[in-house]
Amino acid sequence: MSTFISQYKFSLLMTFIVLTLSLMSSSEVPSTKLWDFKGIDKLVHLGMYSALSFVLFFERSKTQAITSKQPFSRPNVWLIILLIAAGGMIELIQPALANRSRELMDFLANTLGVFLGFYLQTWFKPLLKR
C-alpha cells in the first residue's frame with residue numbers, strides 16, 4: 001500500500017483536490033471579478049480533469065516496467081473510461097452532497113479534460129523523463 005501511495009502521490013493529491021473542489025458547496029466557491037465571465041466554470045472543469053489525467057498517466061508511465069508503444073493500449077483505455085465515469089458520478093452526486101446542480105456541459109468539460117491531459121502527457125512525456 002505504501003508503495004502505491006509513493007508511486008502515485010501526485011495523482012492522489014490531484015484526486016483529492018478535484019474531489020474537494022467538485023463537492024464544495026456552491027456557497028463556498030470563491031468568486032472574483034477577475035475571472036467573472038460566462039463559462040469560467042467549464043474552463044475550471046477542463047483544467048482540473050486535464051491536470052488529473054496528465055499526472056495520473058505520467059506517474060503510471062514512470063512506474064510501469066513495460067510501457068506500450070500504443071497510446072490507446074487496453075490499460076490506458078480502461079483508465080480513461082474510469083476517469084470519465086468518475087467525472088460523471090461526481091456530477092450526478094453534486095446536488096445531493098454539495099448543493100450544486102448537475103450539468104451535462106460540466107460532464108463534457110470533464111471528459112474533454114481527461115482526453116486533453118492524456119494527449120498532453122503523451123506529448124510531454126519524452127521531455128519530462130529526461
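- Expressed to the nearest 0.5 Å, how far CD of Q121 lies from OG of S50 amounts to 12.5 Å.
- Note that OG of S11 and CG of L52 are 7.0 Å apart. Values are rounded to the nearest 0.5 Å.
- S101 and Q94 get closest at one heavy-atom pair: O-OE1, 3.4 Å.
- Annotation: the span from S22 atom OG to I90 atom CD1 amounts to 4.5 Å, rounded to 0.5 Å.
- Between F124 and F54, the closest side-chain pair of non-hydrogen atoms falls below 4.5 Å.
- With sequence neighbours excluded, the residues forming a side chain to side chain contact (heavy atoms under 4.5 Å, CB included) with I81 are V77, W78, listed by chain and number.
- Summarising the geometry, atom OG belonging to S53 is positioned 7.5 Å from atom CG belonging to L79; distances are rounded to the nearest 0.5 Å.
- P95 meets the side chain to side chain contact (heavy atoms under 4.5 Å, CB included) test with R102; sequence neighbours excluded.
- Sorted by first and then second residue, the salt bridge (charged side-chain N to carboxylate O under 4.0 Å, His left out) pairs with a member in residues 85-95 form an empty list; sequence neighbours excluded.
- Every residue meeting the side chain to side chain contact (heavy atoms under 4.5 Å, CB included) condition with I84, not counting sequence neighbours, appears here in chain and number order: I80, F107, T111, V114, F115.
- For F57, the ring-ring contact (aromatic ring centres under 6.0 Å, His included) partners at least two apart in sequence or on another chain are F118.
- Grouping Ile, Leu, Val, Met, Phe, Trp and Tyr by side-chain contacts under 4.5 Å, direct or through others, puts L92 with M89.
- Listed by first and then second residue, the salt bridge (charged side-chain N to carboxylate O under 4.0 Å, His left out) pairs that reach into residues 106-124 are K42-D106, sequence neighbours excluded.
- The side-chain heavy atoms of M105 and D41, taken from C-beta on, include no pair separated by under 4.5 Å.
- Take I93 and apply the side chain to side chain contact (heavy atoms under 4.5 Å, CB included) test, not counting sequence neighbours, and it matches L23, L97.
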Worked check of side chain to side chain contact (heavy atoms under 4.5 Å, CB included) between Y49 and L112: CA-CA 8 Å; Y49 280 84; L112 183 60; over 6 Å; no
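- Once rounded to the nearest 0.5 Å, the distance linking CD of Q7 with OG of S2 reads 9.5 Å.
- Remark: F16 engages no residue in a ring-ring contact (aromatic ring centres under 6.0 Å, His included) (not counting sequence neighbours).
- Using a 4.5 Å heavy-atom cutoff, the side chains of M14 and L56 are not in contact.
- Rounding to the nearest 0.5 angstrom, the gap separating the CE atom in M24 from the CG atom in L19 is 11.5 Å.
- Pairing each heavy atom of S6 with each of K9, the nearest pair is O-NZ, 3.2 Å.
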